[in-house]
Amino acid sequence: MPELPETETIARDLEAMVLGALIARVEVPRPDVLRGGAVAAFREALVGGALRRVWRRAKCIVLEVDAVRGDTRWRVVVQPRFTGGLVVDDGTLPAAERTAICVTAHLADGRCVHYRDVRRLGTVALMDDARFASYSAGIGPEPLDSALTAEAFSGFIRYSRRPIKVVLMDQRHLAGVGNIYANESLWRASIDPSREAASLTAGTCADLLAALREVLTASIAARGTSFRDYRDARGARGTFVEQLAVYGRAGLPCLRCGRRLVGTHAVDGRQTVFCPTCQH
DNA sequence: AGGGGAACCCGTACGC
DNA sequence: TGCGTACGGGTTCCCC
């Protein structure tokens, strides 16, 4: 389940591996993952182009490709959702990591970049400048961007009467936070996930933003959380699962107070794990 | 405008 | 054992 740290890891790996590479050929064995255009338009925009930048926005990996014709810099926006992933194949990728391929870009140097997705709920979208600008404008600020102040953060939180966990994961307010890191940051900040967002003080909001930044930064350093499907651009697992305090630990002792952690679906229909003793 | 619900997809878990 | 079915999960779209 790639969230911010996992997509950040993939984007950094890809940028290090394929920057400047030329796209020689594009195959789309599973066209239903494509959004915003047909296979022919997708190919025409990308074949012959060069990869100029790979970065992350929210939970998306953005591959920027110089246009072959005109001056558009096309963006291939990949949303892995649950089981999707981008992987570079230099010929040594194990067969087990070469299944469920939906889209492949063959590079001029002989390597491939695959978009793999067993369940195909993830998407690959081709966007021009205007389309990407409007897409990005609909998503909130990046939590790790220092331009996001504690005041702006507490501003949108204290405006909503929904549970704080739901507001944290609302991409219109804040980019890139999903179920795992919402659970983890709320535990670190000792906040009950079901608490009405508007009831948090400005000081508690500042604590929450600090906790969120800590957990995201630590997870990026560990190359993400491989709970089940996630793999980085080399097909390897991230190790942050070893540092998770609550997610996947329902019924086990709280690492702060030793009482049993509770798992519930009552907050937002998703698995929520928290400590009823120290989160309030 | 904010909020709720359906659709998307298929491996996994579970029931018979 | 084998088959059928329910479920989950983030985002987008539609509707109230």
Side-chain angles (χ1 to χ4, degrees), chain A residues 1-8 10-11 28-37 56-62 75-86 96-103 115-127 131-143 155-186 193-199 212 216 219 224-231 241 244 246-248 250 263-273:
Chain A
M1 334 164 177
E3 301 180 29
L4 188 154
E6 293 76 32
T7 42
E8 178 75 27
I10 293 172
V28 189
R30 305 308 301 244
D32 59 352
V33 303
L34 290 189
R35 294 294 184 277
R56 177 194 60 76
R57 170 76 172 118
K59 301 173 193 171
C60 299
I61 299 120
V62 183
R75 288 170 179 83
V76 180
V77 179
V78 177
Q79 265 188 18
R81 302 265 173 103
F82 312 105
T83 56
L86 280 168
E97 306 292 334
R98 252 183 284 126
T99 58
I101 292 170
C102 302
V103 181
Y115 175 67
R116 305 175 53 219
D117 193 343
V118 171
R119 286 161 69 180
R120 298 205 312 283
L121 221 51
T123 59
V124 176
L126 181 69
M127 301 189 191
R131 174 74 190 99
F132 182 77
S134 84
Y135 174 71
S136 188
I139 301 171
E142 291 289 333
F156 71 73
I157 285 174
R158 299 176 72 200
Y159 186 73
S160 175
R161 305 202 58 186
R162 301 153 89 195
I164 178 61
K165 183 184 176 223
V166 173
V167 177
L168 265 188
M169 293 171 59
D170 187 334
Q171 302 298 300
R172 291 172 301 178
H173 293 312
L174 186 68
V177 180
N179 199 33
I180 295 176
Y181 299 101
N183 276 300
E184 293 296 313
S185 59
L186 289 164
S194 66
R195 187 166 156 194
E196 183 181 300
S199 76
L212 178 62
L216 292 174
S219 182
T225 302
S226 288
F227 207 77
R228 161 175 266 185
D229 299 291
Y230 162 72
R231 298 293 184 275
V241 67
L244 294 175
V246 283
Y247 188 82
T264 175
H265 286 83
V267 179
D268 56 359
R270 313 281 312 283
Q271 176 72 3
T272 298
V273 186

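Note: hydrogens, waters and symmetry copies are ignored here, and every other heavy atom, side chains too, is used. Naming convention: chains lettered A, B, ... in sequence-line order (proteins, then strands); numbering from 1 in each chain. Keep in mind it's a predicted model, so treat the numbers as computed, not measured.
With rounding to the nearest 0.5 Å, the separation of CD in A/Glu196 from CZ in A/Arg158 is 12.0 Å. Taken from CG in A/Leu86 to OH in A/Tyr115, the straight-line distance is 7.5 Å, to the nearest 0.5 Å.
Across all strands shown, A/Asn179 has heavy atoms under 4.0 Å from sugar-phosphate atoms exclusively, and none from any base. Counting any heavy atom pair closer than 4.0 Å across all strands shown, A/Gln171 reaches sugar-phosphate atoms only and no base atom.
The separation between A/His173 atom NE2 and B/dG3 atom P is 7 Å, rounded to whole Å. For A/Asp170 and C/dT12, the CG to P distance is 11 Å, given to the nearest whole Å. As rounded to whole Å, 14 Å separates atom C1' of C/dG9 from atom CG of A/Asn183. Whole-Å rounding puts the A/Phe156 CZ to B/dG2 C1' distance at 16 Å. In this structure, A/Gln79 places its CD atom 10 Å from P of C/dC13, rounding to the nearest Å. Per the geometry, CD belonging to A/Gln271 stands 15 Å off P belonging to B/dA13, to the nearest Å. Look at CG on A/Leu34: it is 16 Å from P on C/dT12, rounded to the nearest Å. Regarding A/Ile180, its CD1 atom lies at a distance of 11 Å from the C1' atom of C/dG9, rounded to whole Å.
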In 5'-to-3' order, the base (B), backbone-only (S) or no-contact (-) status of each nucleotide in nucleotides 4-11 of chain B, using a 4.0 angstrom heavy-atom cut-off, is ----BBBS

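The side-chain contact (heavy atoms from CB on, under 4.5 Å) test applied to A/Pro163 returns A/Val166, A/Val267, not counting sequence neighbours. In this structure, A/Arg195 has no salt bridge (charged side-chain N to carboxylate O under 4.0 Å, His left out) partners at least two apart in sequence or on a different chain. For A/Arg30, the side-chain contact (heavy atoms from CB on, under 4.5 Å) partners at least two apart in sequence or on another chain are A/Asp32, A/Cys102, A/Arg120.
Here C/dG9 is the nucleotide among C/dG9, B/dG3, C/dT12 with the atom lying nearest to any side-chain atom of A/Phe82.
Evaluation of the side chain to side chain donor-acceptor pair (under 3.5 Å) test over residues 172-183 of chain A, restricted to residues two or more places apart or in two chains, returns A/Glu6-A/Tyr181, A/Lys165-A/Asn179, A/Asp170-A/Arg172, A/Asn179-A/Asn183, A/Tyr181-A/Ser219, A/Tyr181-A/Thr225.
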Steps toward salt bridge (Lys or Arg N to Asp or Glu O under 4.0 Å) verdict (A/Glu3, A/Lys59)
CA-CA 5 Å; A/Glu3 301 180 29; A/Lys59 301 173 193 171; 5.5 Å; no

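Rounded to 10 degrees, the angle separating the terminal helix axes of the helix from B/dG2-C/dC16 to B/dC16-C/dG2, each built from five base pairs, is 50°.
For the pair A/Pro80 and A/Asp117, the tightest heavy-atom approach, listed with the atom from each and the gap, is O-OD2, 4.0 Å.
No side-chain donor-acceptor contact under 3.5 Å links A/Arg56 and A/Thr7.
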